[in-house]
There are 2 protein chains.
Amino acid sequence: MLMQGQQAFENVDLGAKAVQGNSLSSLFQMSATETVEAGKAICWEGDAARHLFQITEGVVRLHRIIGDGRRVITAFHFAGDVVGSFLQGDFLFTAEAVTDCKIRRLSRKQFQEEIERSELLRPAYINLLCRETASAHDQLVLLSRKNAEERLCTFLMKLATRDDQSLRQGLLEVPMSRQDIADYLGLTIETVSRSISKLAQRKIVAPDGRHNLRIVNLARLAQLSGNVDDFSERTCHRGSVH
Amino acid sequence: MLMQGQQAFENVDLGAKAVQGNSLSSLFQMSATETVEAGKAICWEGDAARHLFQITEGVVRLHRIIGDGRRVITAFHFAGDVVGSFLQGDFLFTAEAVTDCKIRRLSRKQFQEEIERSELLRPAYINLLCRETASAHDQLVLLSRKNAEERLCTFLMKLATRDDQSLRQGLLEVPMSRQDIADYLGLTIETVSRSISKLAQRKIVAPDGRHNLRIVNLARLAQLSGNVDDFSERTCHRGSVH
DNA sequence: CGAGCGATTGAGGATATTCAATCGGAGTGG
DNA sequence: CCACTCCGATTGAATATCCTCAATCGCTCG
């Protein structure tokens, strides 16, 4: 119903990704692979958006700074994702590598020409834009009406149900820092930390270093995310396209 | 820079709207006009999204219900706006008339065919999708990091700078209820009410009935919105396209 | 082994929520 | 025309959640 969580973090819907993501990927194949060290920026908010990027390896965060320096992370992106698809003039965010990354670059001009030319790429692109918007709306719901625990559980569920590799035998990799998570969820670092601790006390997750979490009770985590029937059947036997 | 507020409420950027909005409008010209009474629904979250709508007259709210009945309004739409552009399968929101409305309906199938056919409509559509995503991101920033006053001021500024008619001689029409505003801003009705009262005390606005506000000090309102340089030059002499 | 830094934990405080009472305009009936 | 009712909006008091400030922990890396 809600489709929440189905596209984790902006556009990671494997069902669709397998089709569209890959077809858009073909555009970037020709480009050279660049290496971006963890913490380094890929582009800056306010600059002319002359390029799009595809992430080949690693994790990227998009953020905006408001007024006095408050930071908002609007999205995380993972291997396979295209960054900047919805830009028209300037970059509306700063993109930074969370982990060491490999990326490919494509000029927006060329991207648009190719999209306009190919009857195959066009629907893939439109599909991507639609999923980005839908995901942004999911995040609106989270920020608007969920409490700290629900936010964190939603976040962890999305990470855990990305069918990359990320969840091997219940062990979830969380590459981003607590501060990143906080700025993504509209909380403070302390509240994130406390929420994780409480989940650990209740034996729903078990932290293992800063960047790993053992998901002990996935079903409970899904319940606590406040996403009703999402993360239930839907995400368990996915692959089916609606 | 930030482009926040430039497209008020999802896609109301008159600069672009004059161009793209109108060209997409042509698609709906053939459809019969339907009348929707204030408060009535136009479509329901979860239903198959077989149609798109264009609003000819009136104001529409889009909302989602989460879990126990918390409501989130993800967008308001006004005359000229297209509703449902980014849907792929089911409706991700319930759309309801805030005021008495006139709408036109178009099947998604036909919409997609026309878009695919016309080299003029396609960029207009893509442009719309991009602006919807950008607007959603503005709203993410608001919900993530702004306090009650900043949220309200941002909302009022967006209303006031829609170059519809809405602001005649400093008198701003606010067609939606306090509850609608609260659910859009991620606040409670009481907090919205109190925030308005405080702005009134400080002589920044002057309420005139439930649905009208005299904007006494627009510049101050802009400052308080927390959108830095937005709503400044940008929104004052708009019409220029970047 | 020590330094540094991210993360955790605790105490106190601020902002927004909740609960409750009152206000006041719009619509209705006498 | 006025009183009455209804319902959305306003206002107040108490509470809760999250934030801020501060101390400590404990990896990670030199």
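Order of the sequence lines fixes the chain letters, A, B, ..., with proteins taken first and strands second; residue numbering starts at 1 for each chain. When reading the values below, keep in mind they use all heavy atoms of this one structure, side chains included, and skip hydrogens, waters and symmetry mates.
A straight line from CG of A:Leu152 to C1' of C:dA7 spans 14 Å, rounded to a whole angstrom. Rounded to an integer number of Å, the gap from CD1 of A:Ile196 to C1' of C:dT8 is 10 Å. Rounded to a whole Å, the CZ atom of A:Arg70 is 13 Å from the C1' atom of D:dC19. Rounded to whole Å, atom P of C:dG24 lies 17 Å from atom NE2 of B:His211. In this structure, A:Gln179 atom CD and D:dT20 atom P are separated by 11 Å, rounded to whole Å. The distance between atom CE of A:Met176 and atom C1' of C:dG6, rounded to the nearest whole Å, is 16 Å. The CG-P distance, from A:Asn212 to C:dG6, rounds to 18 Å in whole Å.
The list of salt bridge (Lys or Arg N to Asp or Glu O under 4.0 Å) pairs with a residue in residues 208-224 of chain A, not counting sequence neighbours, is empty. Contacts classified as side-chain hydrogen bond (donor to acceptor under 3.5 Å, both in side chains) and involving residues 194-203 of chain A (residues at least two apart or in different chains) are given here: A:Glu149-A:Arg202.
Between B:Ser197 and D:dT11, a side-chain N or O to OP1/OP2 separation shorter than 4.0 Å is present.
Residues satisfying the salt bridge (Lys or Arg N to Asp or Glu O under 4.0 Å) test with A:Arg151, not counting sequence neighbours, are none. Every residue meeting the side-chain contact (heavy atoms from CB on, under 4.5 Å) condition with B:Ala48, not counting sequence neighbours, appears here in chain and number order: B:Arg50, B:Asp90. Under the salt bridge (Lys or Arg N to Asp or Glu O under 4.0 Å) criterion, A:Glu34 pairs with A:Arg105, not counting sequence neighbours. With sequence neighbours left out, the side-chain contact (heavy atoms from CB on, under 4.5 Å) criterion links B:Glu150 to A:Arg70, B:Lys146, B:Asn147. Qualifying side-chain contact (heavy atoms from CB on, under 4.5 Å) partners for B:Thr33, counting only residues two or more places apart in sequence or in other chains: B:Lys102, B:Arg104. Taking the salt bridge (Lys or Arg N to Asp or Glu O under 4.0 Å) definition, one finds that A:Glu57 meets it with nothing, sequence neighbours left out. By the side-chain hydrogen bond (donor to acceptor under 3.5 Å, both in side chains) test, B:Thr191 is found to be paired with B:Thr188, residues two or more places apart in sequence or in another chain being considered.
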Show each protein N/O and nucleotides 14-19 of chain C N/O combination with a separation under 3.5 Å, one pair to a line.
from	atom 1	to	atom 2	distance (Å)
C:dA16	OP1	B:Ala148	N	2.7
C:dT17	OP1	B:Thr188	N	3.4
C:dT17	OP2	B:Thr188	N	3.2
C:dT17	OP2	B:Thr188	OG1	3.1
C:dT17	OP2	B:Thr191	OG1	2.3
C:dT18	O4	B:Arg194	NH2	2.8
C:dC19	N4	B:Glu190	OE2	3.0

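The rotation axes computed at either terminus of the helix from C:dC1-D:dG30 to C:dG30-D:dC1 lie 30° apart, taking five pairs at each end and rounding to 10 degrees.
In terms of modelled atom types and a separation under 3.5 Å, the side chain of B:Ser225 and the main chain of B:Ala222 share a donor-acceptor contact.
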- [ ] Determine, for nucleotides 25-30 of chain D in 5'-to-3' order, which nucleotides have protein heavy atoms under 4.0 Å from the base (write B), from only the sugar-phosphate (write S), or from neither (write -).
- [x] -B----
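With salt bridges taken as basic N to acidic carboxylate O contacts below 4.0 Å, one links B:Asp138 and A:Arg64.
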